[in-house]
Amino acid sequence: MATGTLYRAAALDAYGDPVDSDGNVIRVGSDGTRVGVVHGIVIGGPSWRPADGGTVDTTGLIGVPTTEPNQPMHGDRLVLDGIRYTVQGPPQWATRGLVDTPTRYRWWAVTATSN
């Protein structure tokens, strides 16, 4: 299990870029965007697949314990072992309809990012 740091922009502009309270584009991870530490993360193994234009698709899954107070949201950045991931929501498999046991993890799609 891993521990990561969760960052969240206060707002997004019309293009989906994170902005501060004055509307200036910011880099998530700067002052005022830190949500906190997330403990007990299960890394589901990102898949590294070639994509168009010589780029690589780095989509994967992470599991966050449902008891963790700092839950990710769509658009958040999660830093694990120095790698920044963009969280894509909503969570996968957040409920269990066939069995009556409580869900232990919320699974999120994540993509490694350079910004």
Side-chain angles (χ1 to χ4, degrees):
M1 296 205 197
T3 299
T5 304
L6 187 64
Y7 298 92
R8 182 174 299 142
L12 302 175
D13 65 10
Y15 303 104
D17 295 322
V19 294
D20 62 15
S21 58
D22 295 324
N24 300 313
V25 175
I26 60 169
R27 180 180 175 148
V28 175
S30 61
D31 293 339
T33 63
R34 186 175 188 269
V35 174
V37 176
V38 180
H39 301 282
I41 297 171
V42 176
I43 301 172
S47 58
W48 309 99
R49 295 184 303 268
D52 293 336
T55 60
V56 177
D57 179 0
T58 58
T59 303
L61 290 174
I62 59 155
V64 176
T66 56
T67 56
E68 180 60 39
N70 295 319
Q71 289 291 321
M73 294 174 58
H74 176 74
D76 285 356
R77 298 287 195 272
L78 183 64
V79 178
L80 294 165
D81 296 328
I83 300 172
R84 269 188 222 81
Y85 294 94
T86 299
V87 177
Q88 301 166 347
Q92 312 292 312
W93 311 295
T95 60
R96 299 182 76 171
L98 298 176
V99 293
D100 197 21
T101 57
T103 304
R104 293 179 50 207
Y105 291 90
R106 285 187 187 95
W107 290 90
W108 296 87
V110 295
T111 301
T113 183
S114 61
N115 58 6

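Position 1 is the first residue of the sequence, and the numbers go up from there.
The minimum heavy-atom distance linking W108 with P90 is given by the pair CZ3-C, 4.0 Å. R8 approaches D76 most closely through the heavy-atom pair NH2-OD2, 2.8 Å.
In this structure, L61 is a member of the same hydrophobic cluster as V42, with clusters built from ILVMFWY side-chain heavy atoms closer than 4.5 Å. Put simply, Y7 and L12 are part of two different groups of oily side chains (I, L, V, M, F, W, Y) that touch within less than 4.5 Å, one to the next. Note on W107 and M1: same hydrophobic cluster, where clusters join Ile, Leu, Val, Met, Phe, Trp and Tyr whose side-chain heavy atoms are under 4.5 Å apart, directly or indirectly. Residue Y85 is not grouped with residue M73 when hydrophobic side chains (ILVMFWY) are merged at heavy-atom distances under 4.5 angstrom, including chains of intermediate members. Grouping the Ile, Leu, Val, Met, Phe, Trp and Tyr side chains by contacts below 4.5 angstrom, directly or via other members, places V87 apart from V19.
For the pair L80 and V110, the minimum side-chain heavy-atom distance is 4.5 Å or more. T86 places a side-chain heavy atom less than 4.5 Å from the side chain of R77. Using a 4.5 Å heavy-atom cutoff, the side chains of P72 and V38 are not in contact.
Annotation for N24: atom CG counts as buried by contact number, over 12 foreign heavy atoms lying within 6.0 Å.
In this structure, the separation between CG on L78 and CD1 on I83 is 11.0 Å, given to the nearest 0.5 Å.
Counting only distance, with no hydrogens or angles, the side chain of E68 and the backbone of H39 share a donor-acceptor pair below 3.5 Å. When atom types are taken as modelled, the side chain of N70 and the backbone of V37 share a donor-acceptor pair closer than 3.5 angstrom.
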